[in-house]
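Remarks on the structure that follows.
Only heavy atoms go into these numbers, but all of them, side chains included; no hydrogens, no water, no symmetry mates. Here, residue 1 is the first one in the sequence, and each next residue gets the next number.
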Amino acid sequence: MVMVMRSISSCLTLSQTPPPPPPPPPRPRASDHLSTKKQCKRNSRNYCITRPQILPPPPLSRDALGFRVFVLSDLHTDYPENMNWVKSLSTKAYKNDLLLLAGDVAETYHNFYSTMFLLKDRFQHVFYVPGNHDLWCRSEPEGHPYYLDSLDKLNKLLDACRGLGVQTRPMVLYGLGIVPLFSWYHESFDREMDIAGIRIPSLEMACKDFHACKWPREISNRSTSLASYFDAMNEENEDAVKLIKNTCTQIITFSHFLPRQELCPEKRMLFYPNLPKIIGSDFLEVRIRSIHGSEGNASACHVFGHTHFCWDSVLDGIRYIQAPLAYPRERKRRMNGGETWLPFCVYSGGKFADRLSPCYWSDYYAAHPRAPHVTELAPWVARFYNRA
């Protein structure tokens, strides 16, 4: 996830029963990168409310299980509570199943490797794509790899995956096509009108990626070069993707970053209105459409992560799902729908699962059209900026 406004975001969540539009205060997604002043922290406490918990799916009988696909993102196991959650997963219940990890496993190589080892012990198959936190250049315990920059760290993480049997390339399993997609965000992904009239922290202040990630000089967060570089990594898998398209009627693609801006609340709803500039990639949506078709189909599904907003919606014929574990404080206030429904089973018995419910923001936009031309802040956001 993009972490913005650490002290603010730890308190802001959604109400139990959605009122008429506009919706109740969303938490400022992209949480945790910006250190804010004590006054901002005091102000944020005025907005601490909770959202509904997502209902876990009904248990399946032993005969009905078959081949299942579970999805997770944003494990952030540098938090001991999150690592303990991973350790608490059954060592028997998922032995015949597949897990898709949509990035942000851990900030350090040590915790990344430990997490992947635990998950591979619990699931028969584990697939992974990198998130931004995975590529932060953090200090490591003695005996763990040293990396020159974030690309060097990426290569070491992929080497670790190969050693553990974690898949990062497309594959067909039981007739289902699985396509991991490498990606990164770019600022021009955001095409909606900016919010004016308030002091919004710069991207460099708000997003720790600009400091914790290290890139070669020729690629940068401030242009499309980094997003283009990561997208180009998918080209070496073109033959495998072509085979999947020709042989599979059901395909799941997955990435860490967002392929469409409609998968994030409008800026006026966000405590960090510039969030859409650091969450997604146009290259990614083009690649997804090249796999699923420009109009999509009933068997097309894309899983993503990063923003910690639970999401389940269909846009232009493709189902988009986010199922984040997120931060402990978010689960405590059910910012992400709690944890009893995770990992989410997206595919079982040869068909896709029913939609997540209740899934606050995608439910909201299923009932109310986006209005990005409206730049007047939602009341709860306006009150926050007035006080801060």
Could you tell me whether the side chain of [X] and the main chain of [Y] form a donor-acceptor pair under 3.5 Å?
{"X": "Asn237", "Y": "Ala240", "result": "no"}
{"X": "Lys153", "Y": "Cys213", "result": "no"}
{"X": "Lys95", "Y": "Asp121", "result": "yes"}
{"X": "Asn82", "Y": "Ala326", "result": "yes"}
{"X": "Tyr272", "Y": "Ile200", "result": "no"}
{"X": "Ser255", "Y": "Leu181", "result": "no"}
{"X": "Ser225", "Y": "Ser220", "result": "yes"}
{"X": "Gln322", "Y": "His308", "result": "yes"}
{"X": "Gln250", "Y": "Gly350", "result": "yes"}
{"X": "Ser88", "Y": "Trp85", "result": "yes"}

State whether [X] and [Y] are salt-bridged, where the test is any N-O pair (Lys NZ or Arg NE/NH1/NH2 against Asp/Glu carboxylate O) under 4.0 Å.
{"X": "Glu192", "Y": "Arg370", "answer": "yes"}
{"X": "Glu285", "Y": "Arg260", "answer": "yes"}
{"X": "Arg68", "Y": "Asp97", "answer": "yes"}
{"X": "Glu187", "Y": "Arg222", "answer": "yes"}
{"X": "Lys267", "Y": "Asp190", "answer": "yes"}
{"X": "Lys242", "Y": "Glu238", "answer": "no"}

What is the distance from atom [atom1] of [X] to atom [atom2] of [Y], rounded to the nearest 0.5 Å?
{"X": "Ile279", "Y": "Lys277", "atom1": "CD1", "atom2": "NZ", "value": "10.5 Å"}
{"X": "Tyr385", "Y": "Trp380", "atom1": "OH", "atom2": "CH2", "value": "13.5 Å"}
{"X": "Leu89", "Y": "Leu118", "atom1": "CG", "atom2": "CG", "value": "9.0 Å"}
{"X": "Tyr109", "Y": "Ser139", "atom1": "OH", "atom2": "OG", "value": "16.0 Å"}

Side chains of [X] and [Y]: donor-acceptor distance under 3.5 Å anywhere?
{"X": "His186", "Y": "Ser188", "answer": "yes"}
{"X": "His256", "Y": "Ser183", "answer": "no"}
{"X": "Trp184", "Y": "Asp231", "answer": "no"}
{"X": "Tyr320", "Y": "Glu262", "answer": "no"}

So among Thr253, Asn297, Asp316, which one has a side chain to side chain donor-acceptor pair (under 3.5 Å) with His292? Thr253
Does [X] reach the side chain of [Y], with side-chain heavy atoms less than 4.5 Å apart?
{"X": "Phe344", "Y": "Cys310", "answer": "no"}
{"X": "Cys264", "Y": "Trp361", "answer": "no"}
{"X": "Ile321", "Y": "Cys301", "answer": "yes"}
{"X": "Ile278", "Y": "Asp209", "answer": "no"}
{"X": "Val314", "Y": "Arg355", "answer": "no"}
{"X": "Leu119", "Y": "Leu75", "answer": "yes"}
{"X": "Phe67", "Y": "Val69", "answer": "yes"}

Please evaluate residues Tyr347 and Val71 with respect to the criterion side-chain contact (heavy atoms from CB on, under 4.5 Å), reporting the C-alpha separation (whole Å), side-chain torsions for both, the decisive distance (0.1 Å), and the verdict. CA-CA 9 Å; Tyr347 181 90; Val71 297; over 6 Å; no
[X] atom [atom1], over 12 foreign heavy atoms within 6.0 Å:
{"X": "Lys214", "atom1": "NZ", "value": "no"}
{"X": "Lys351", "atom1": "NZ", "value": "no"}
{"X": "Gln124", "atom1": "CD", "value": "yes"}
{"X": "Asn246", "atom1": "CG", "value": "yes"}
{"X": "Glu218", "atom1": "CD", "value": "yes"}
{"X": "Tyr229", "atom1": "OH", "value": "no"}

Let me see the working for Thr375 and Arg268 under side-chain contact (heavy atoms from CB on, under 4.5 Å), right down to the final yes or no. CA-CA 6 Å; Thr375 58; Arg268 61 195 173 98; over 6 Å; no
In terms of ring plane angle, is the pair [X] and [Y] parallel, tilted or perpendicular, where the classes change at 30° and 60°?
{"X": "Trp311", "Y": "Phe309", "result": "perpendicular"}
{"X": "Tyr364", "Y": "His368", "result": "tilted"}
{"X": "His306", "Y": "Tyr185", "result": "parallel"}
{"X": "His133", "Y": "Tyr327", "result": "tilted"}

Should Phe254 and Tyr174 be regarded as members of a common hydrophobic cluster, given that ILVMFWY residues are connected when their side-chain heavy atoms come within less than 4.5 Å of each other, either directly or indirectly? yes
Dump the intermediate steps for side-chain contact (heavy atoms from CB on, under 4.5 Å) on Asp282 and Arg191, then the final yes or no. CA-CA 11 Å; Asp282 294 328; Arg191 291 188 177 85; 2.8 Å; yes
Smallest separation among heavy atoms of [X] and [Y], with atom names:
{"X": "Gln261", "Y": "Pro276", "answer": "NE2-CB, 3.5 Å"}
{"X": "Lys156", "Y": "Asp152", "answer": "NZ-OD1, 2.9 Å"}
{"X": "Ser90", "Y": "Ala93", "answer": "OG-N, 2.9 Å"}
{"X": "Thr77", "Y": "Ala106", "answer": "OG1-CB, 3.5 Å"}

Does the pair Ser228 and Phe283 meet the rule for a side-chain contact (heavy atoms from CB on, under 4.5 Å), with working shown? CA-CA 7 Å; Ser228 177; Phe283 301 101; 3.9 Å; yes
Can we call the ring centroids of Phe112 and Tyr128 under 6.0 Å apart?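 Phe112 vs Tyr128: aromatic centres under 6.0 Å.
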Do Phe182 and Phe230 have ring centroids that are under 6.0 Å from one another?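 No - the distance between ring centres of Phe230 and Phe182 does not fall below the 6.0 Å cut-off.
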